[in-house]
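All figures in this text were calculated on a predicted structure; none of them were measured in a lab.
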Amino acid sequence: MLQKATLSEMPIIERISKEQPLVVDSSTIFEGDALTVLRRLESQSVRCVITSPPYWGLRTYGIDEQIGLEETLAQFLNKLVSVFAEVKRVLADDGTLWLNIGDGYTSGNRGYRAPDKKNPARAMSVRPDTPEGLKPKDLIGVPWRLAFALQEDGWYLRDDIVWHKPNAMPESVKDRPARSHEYIFMLTKSEQYFYDWQASREPADHGGLRNRRSVWAVNTKPFAGAHFATFPIDLIRPCIQASSKTGDFILDPFFGSGTVGVASQEEGRRYIGIELNPEYVALSARRLQQCGSDNVRIIAA
């Protein structure tokens, strides 16, 4: 369980001018808005991006300017396309973006979401209206809408990874199968890019190793102190192994509890995390300290 750090153990937060370019030479957490911070980072300064942006209309993080509570689906998608346009600039020409995004169902124009008997935490007091052209109970298709929007914006859509969750949260539904998967899209900046298929191989059915396939069975793992779903490290590790080398920078513009940072440390890479919520910045910093980082650098940007 995560132990609360004392004040003497908390990293010092550096504060710099809002106009100052952000030159990064070591692992760093930036406290600030993703788009604002990305615009100040150097072009082609990271080798790989692994991230899971807030899902649309599924949860509130209790902070102004958060992504995910836009009034319309189009506004949500446009905001993410703008963020990932800056990600593309910051990414090396041979770099890769691994993007996890979940789906949801239309609200039927209800301004709330009731708790599920098996999952009370799904309740919300604010919820966007049903998007134009969709019907009550429609699956929205957010992941593919975002993937196609990024493809149209110039990204190469290289693969759709199905994240199969063997221990998925149960649902109290009787008119459809319970959902137990999400997507991770592999996107690249260029037609040719760095990909180490041997480093990310998986066990073959009859022994030995094989090229990793596109369905990954990885259990979800709650993280003490986080009020939202977190990436499992086992989901992130193959992305790091395939798309970066030792010492490379891994970027997560929606850092949350810092799982991408922890996985990057374990794989001998450096990380750049961007997180809007100061509580999550503190949470990720404590976690990184407890996972072996002697000096967690935080910059309020």
Side-chain angles (χ1 to χ4, degrees), residues 46-53 55-56 58 77 80-81 84 87-88 91-104 139-169 171 176-221 229-245 248 250-254 256 259-260 263-264 266-267 269:
V46 304
R47 171 57 68 82
C48 175
V49 181
I50 305 170
T51 195
S52 182
Y55 301 171
W56 184 61
L58 290 188
L77 295 174
L80 285 182
V81 169
F84 287 112
V87 164
K88 186 163 58 173
L91 186 64
D93 285 343
D94 65 350
T96 302
L97 163 63
W98 300 86
L99 171 61
N100 166 236
I101 189 75
D103 213 340
L139 181 65
I140 300 172
V142 172
W144 282 104
R145 292 174 188 267
L146 177 58
F148 290 147
L150 293 174
Q151 188 179 52
E152 186 174 350
D153 199 49
W155 288 92
Y156 288 80
L157 179 57
R158 294 294 295 125
D159 210 346
D160 59 321
I161 312 300
V162 176
W163 171 18
H164 164 50
K165 305 176 183 180
N167 65 336
M169 186 72 70
E171 294 182 281
R176 61 171 173 83
R179 292 180 63 78
S180 62
H181 75 281
E182 291 186 17
Y183 286 101
I184 302 171
F185 292 109
M186 176 187 175
L187 301 113
T188 63
K189 181 175 179 177
S190 307
E191 184 177 356
Q192 303 296 324
Y193 50 90
F194 176 79
Y195 185 78
D196 188 348
W197 70 273
Q198 291 182 313
S200 63
R201 288 178 295 176
E202 64 182 10
D205 294 336
H206 303 292
L209 297 173
R210 68 185 181 195
N211 187 14
R212 184 168 292 274
R213 297 187 177 180
S214 61
V215 176
W216 300 356
V218 180
N219 281 341
T220 61
K221 293 182 180 179
T230 60
F231 262 159
I233 285 183
D234 289 341
L235 192 69
I236 298 170
R237 199 181 310 279
C239 306
I240 293 175
Q241 293 169 340
S243 299
S244 66
K245 300 177 182 178
D248 282 341
I250 311 296
L251 168 66
D252 183 353
F254 301 100
T259 309
V260 168
S264 298
E266 292 181 354
E267 293 296 321
R269 276 66 162 174

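At a threshold of 4.5 Å between non-hydrogen side-chain atoms, the residues Y55 and V142 do not count as touching. Using a 4.5 Å heavy-atom cutoff, the side chains of M186 and W98 are in contact. Within the 4.5 Å cutoff, the side chain of P253 has heavy atoms near those of the V49 side chain. Between T96 and Y195 there is no side-chain heavy-atom pair separated by less than 4.5 Å. Looking only at side-chain heavy atoms (C-beta outward), P232 and N219 stay at 4.5 Å or farther from each other. Between F231 and I50 there is a side-chain heavy-atom pair separated by less than 4.5 Å.
The CG atom of L91 sits 8.0 Å away from the SG atom of C48 when rounded to the nearest 0.5 Å. Rounding to the nearest 0.5 angstrom, the gap separating the CG atom in L80 from the CZ atom in F254 is 5.5 Å. Here the straight-line distance linking atom OG of S200 with atom CD of Q241 works out to 6.5 Å at 0.5 Å rounding. Atom CG of L235 and atom CG of N100 lie 6.5 Å apart (nearest 0.5 Å). S244 OG to E267 CD: the interatomic distance, rounded to the nearest 0.5 Å, is 8.0 Å. The line from CD1 of I233 to CD of E266 is 4.5 Å long, rounded to the nearest 0.5 Å.
Scanning all heavy atoms of the two residues, the minimum distance from R269 to I250 falls at CB-CG1, 3.9 Å. Taking every heavy atom of both residues into account, G141 and D103 meet most closely at N-OD1, 2.9 Å. Residues H164 and V215 share a closest heavy-atom pair of CB-CG1, 4.2 Å.
Partner of L99 under the side-chain contact (heavy atoms from CB on, under 4.5 Å) criterion, chosen from L150, I161, I184: L150.
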>> Quick one, D196 with K245, criterion salt bridge (charged side-chain N to carboxylate O under 4.0 Å, His left out). Give me CA distance, side-chain angles, the key distance, then yes/no.
In response: CA-CA 9 Å; D196 188 348; K245 300 177 182 178; over 6 Å; no

> Is there a side chain to side chain contact (heavy atoms under 4.5 Å, CB included) between C239 and W216 once you walk through the steps?
Replying inline: CA-CA 12 Å; C239 306; W216 300 356; 3.9 Å; yes

>> Using the rule given for side chain to side chain contact (heavy atoms under 4.5 Å, CB included), can you reason through S243 versus R47, listing the C-alpha separation, both sets of side-chain angles and the distance that settles it, and then say yes or no?
In response: CA-CA 7 Å; S243 299; R47 171 57 68 82; 6.0 Å; no

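The closest donor-acceptor contact from the side chain of K88 to the backbone of K189 lies at 3.5 Å or more, if one exists at all. Checking side-chain atoms of D252 against main-chain N and O of T51 turns up no donor-acceptor pair under 3.5 Å. Checking side-chain atoms of N167 against main-chain N and O of T220 turns up a donor-acceptor pair under 3.5 Å. The closest donor-acceptor contact from the side chain of S190 to the backbone of D93 lies under 3.5 Å. Looking only at distances, a side-chain donor or acceptor of E171 sits under 3.5 Å from a matching main-chain atom of R179. Judged purely by atom type and a 3.5 angstrom limit, E202 uses its side chain to pair as donor or acceptor with the backbone of R213. Counting only distance, with no hydrogens or angles, the side chain of R212 and the backbone of P238 share no donor-acceptor pair below 3.5 Å. Using modelled atom types, no side-chain atom of R237 and backbone atom of D234 make a donor-acceptor pair closer than 3.5 Å.
Here side chain to side chain donor-acceptor pair (under 3.5 Å) pairs that include residues 144-160, with residues two or more places apart or in two chains, are R158-Y193.
Counting non-hydrogen atoms of neighbouring residues, nucleotides and ligands closer than 6.0 angstrom, the NZ atom of K165 exceeds 12 such neighbours. Atom CD of E191 has 12 or fewer neighbouring heavy atoms from other residues, nucleotides or ligands inside a 6.0 Å radius.
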